[in-house]
Amino acid sequence: MDFRLSEEQELVRQNMREFAQKYVDPIAAEIDESGRFPAEVVAKLGEMGYMGMPYPVQYGGAGTDYLTYALAVEELSKSCAATGFTMSVHTSLALGPINNFGNDEQKKKFLTPLCQGKHLGAFALTEPSAGTDVNAATSTAVLEGGEYVLNGTKTFTSNGPVADTFVTFAWTDKSAGAKGMSAFIVPKDAPGLRVGEHFMKMGIRASQTSEIIFKDCRIPQANLLGGEGQGLKIAMNCFDHGRIGIAAQAVGIAQAAMEESISYAKERVQFGKPISKNQAIQWWIADMATDIDCARFLYMRAAWLKDQGLPFTKEASMAKVFAAEMCMKHSIKAVQIHGGYGYIKGQKVERLMRDAKITEIYEGTSEAQRMVIANNVLR
Amino acid sequence: MPDILSCYKWVADEAYIRSGSSGALDLNMADYKISDYDKNAIEEAMLLTEKYGGNTAVITVGLPDDTKGVKDALSRGPEKAYFVNDPAFADLEPEQTATLLAAAIASPIPYDIIICGEGSSDLYAQQVGPRLAEKLGIPCLCYVQKVELDGSQLVAERKTDAGIEVVAVELPVLLTVVPDINMPRLPGLRDTLAAGKKPVTEFTADDLPQGQAALLQTTNSKVASITRSSRMFGTDAASIGDLVQELKNSGVIA
């Protein structure tokens with residue numbers, strides 16, 4: 001048993017912290033307020049090698065383990081949860097399926113520019129009628145003359161308006177049940193692909209979210225990912241590792257909330273002493289520190305299991321649900337510690353509390369995580 | 001094409017230094033980092049070789065555990081590292097550090113230009129650079145804010161209290177650089193991952209002649225504390241007079 005990170009992992013974390021302080025901290029409040037996509041920061045992340053961290057060097061990745069990648073997501077999210085999520089959803093959900101299920105040709109063509117940060121990826125699964133219940137999706141794909149013709153509407157697609165490459169899912173044979181859904185790689189310029197409504201969100205406002213509409217959208221047959229009927233398997237596989245990224249993001253948000261709370265509590269004087277001298281505040285901070293460590297160790301364990309090639313589905317769900325819920329709880333406490341100031345725009349904790357909420361919802365709600373965990377421990 | 005050797009010190013990151021319960025510095029929580037201006041020294045070596053060609057290396061004196069620092073330094077571009085380390089090399093005085101560096105460099109390590117940060121982030125004694133130059137018998141230019149090369153001649157701008165001094169010197173030379181000289185780059189992910197694969201030559205106390213014993217002994221360290229005396233003054237003329245008198249009384253102004 002060894003809880004130490006490797007020197008490389010520590011350096012990557014340190015460098016990402018410095019990157020975030022230099023390029024992300026100065027704009028985080030502005031892009032939250034305006035909802036502007038920080039394209040310049042995402043391009044810089046790509047240049048620095050952070051947009052394809054855990055994928056093979058031969059396809060433009062950096063070849064790190066998953067733990068190193070998760071550590072980087074945590075650090076980036078500490079400065080800006082939206083930017084951290086942009087990196088995470090691109091890496092885990094768009095690149096993951098192409099890396100894990102794509103053939104060599106698909107990896108050369110799609111994975112390489114994605115890993116290099118020249119292209120941005122999105123994952124279009126959710127539909128208006130199909131959230132946690134993926135089987136309720138209605139999108140279809142029909143093979144016609146060497147091309148798949150896609151029809152359907154995807155919603156809440158993260159990176160949707162700014163992505164170059166989509167991984168999407170549609171029924172190739174509805175009658176085959178779980179084995180009737182297939183996964184496809186769709187470039188943004190595919191005829192019949194349209195970006196629909198852009199959504200205004202409560203938090204992670206700089207992350208871009210939209211509908212993606214396929215209307216007789218034609219893509220080459222070669223863009224089928226895995227084989228026909230593998231769609232659900234592919235979706236579930238990338239959710240497993242995506243959850244590690246979201247857990248790391250939640251830890252980053254909570255860590256930021258705690259750091260803000262500590263510095264405010266030491267400065268804020270009431271009744272003649274800093275409020276950090278009050279036991280109530282001390283206990284809240286102690287609980288934050290403890291829960292953050294728990295969540296961090298949970299996501300690190302899940303990532304470590306994945307890196308060892310061991311099963312990690314249950315552990316990733318545990319990390320995700322625990323990290324998300326403790327992040328929500330403590331970001332609310334952080335606002336409370338700040339009192340009235342915490343409720344004012346421009347205070348970082350105000351943003352953190354709004355950003356925290358989404359971690360309980362996307363990439364599998366807390367309830368979906370509990371289903372996964374229960375299925376594993378009750379069987 | 002010059003051989004450029006940059007020196008760095010691995011120091012506690014002041015952002016993580018806490019005040020202990022006894023009032024002493026508490027380094028238990030501290031992360032370590034390359035001393036700030038030494039990052040400028042490494043960056044300047046990279047900029048010079050990008051412009052004029054040449055080879056870059058880093059050298060440091062520290063404890064055997066400071067291997068992360070070696071990787072950090074190498075991730076910033078230099079091709080190789082010289083790591084002078086021994087469990088005995090804790091809390092060295094500048095004279096001792098300079099002696100060890102000089103002995104390692106005499107082993108020999110090729111150099112035309114040696115670059116140091118103007119002072120370290122922890123103690124800022126500004127001693128190691130000039131002492132090292134003296135021991136090597138080469139010229140030393142301090143407070144350097146700009147460097148150009150012209151064949152075997154180096155032209156440097158020195159930022160002094162009296163103004164900017166432009167100095168030309170024949171190589172070899174030792175420079176100590178101020179932070180205005182450049183903006184150190186952030187290592188990319190691939191640079192960080194590749195750093196561990198670059199060659200590192202180690203020296204230990206057994207490889208090097210023993211210098212003098214420490215002349216100073218640190219017995220204690222205390223955290224400086226600031227007290228605030230929140231006094232309120234009005235804005236009328238008489239109150240301003242009171243404020244001035246109060247500042248005089250407390251010795252803030254004479």
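The figures here come from the full heavy-atom set of this structure, side chains too, leaving out hydrogens, waters and symmetry mates. Bear in mind that the values here come from a model prediction, so they are computed numbers and not experimental data. Note on naming: letters A, B, ... go to the chains in the order of the sequence lines (proteins, then strands), and numbering restarts at 1 for each one.
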Nearest heavy atoms of B/Leu189 and A/Ala62, plus distance in Å:
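Result for this residue pair: CD2-CB, 3.4 Å.
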
Write out the donor-acceptor pairs between chain B and chain A under 3.5 angstrom, atom names and distance to 0.1.
{"unit_1": "B/Tyr16", "atom_1": "OH", "unit_2": "A/Arg17", "atom_2": "NH1", "d": "2.6"}
{"unit_1": "B/Thr67", "atom_1": "OG1", "unit_2": "A/Glu7", "atom_2": "OE1", "d": "3.3"}
{"unit_1": "B/Thr67", "atom_1": "OG1", "unit_2": "A/Glu7", "atom_2": "OE2", "d": "2.2"}
{"unit_1": "B/Lys68", "atom_1": "N", "unit_2": "A/Glu7", "atom_2": "OE2", "d": "3.2"}
{"unit_1": "B/Lys68", "atom_1": "NZ", "unit_2": "A/Glu10", "atom_2": "OE1", "d": "2.7"}
{"unit_1": "B/Lys68", "atom_1": "NZ", "unit_2": "A/Gln14", "atom_2": "OE1", "d": "3.4"}
{"unit_1": "B/Lys71", "atom_1": "NZ", "unit_2": "A/Glu7", "atom_2": "OE1", "d": "2.8"}
{"unit_1": "B/Lys71", "atom_1": "NZ", "unit_2": "A/Glu8", "atom_2": "OE2", "d": "3.2"}
{"unit_1": "B/Leu189", "atom_1": "N", "unit_2": "A/Met48", "atom_2": "O", "d": "2.8"}
{"unit_1": "B/Arg190", "atom_1": "NH2", "unit_2": "A/Gly60", "atom_2": "O", "d": "3.0"}
{"unit_1": "B/Thr192", "atom_1": "OG1", "unit_2": "A/Asn15", "atom_2": "ND2", "d": "3.0"}

Determine whether more than 12 heavy atoms belonging to other residues, nucleotides or ligands lie under 6.0 Å from atom OH of B/Tyr37.
no

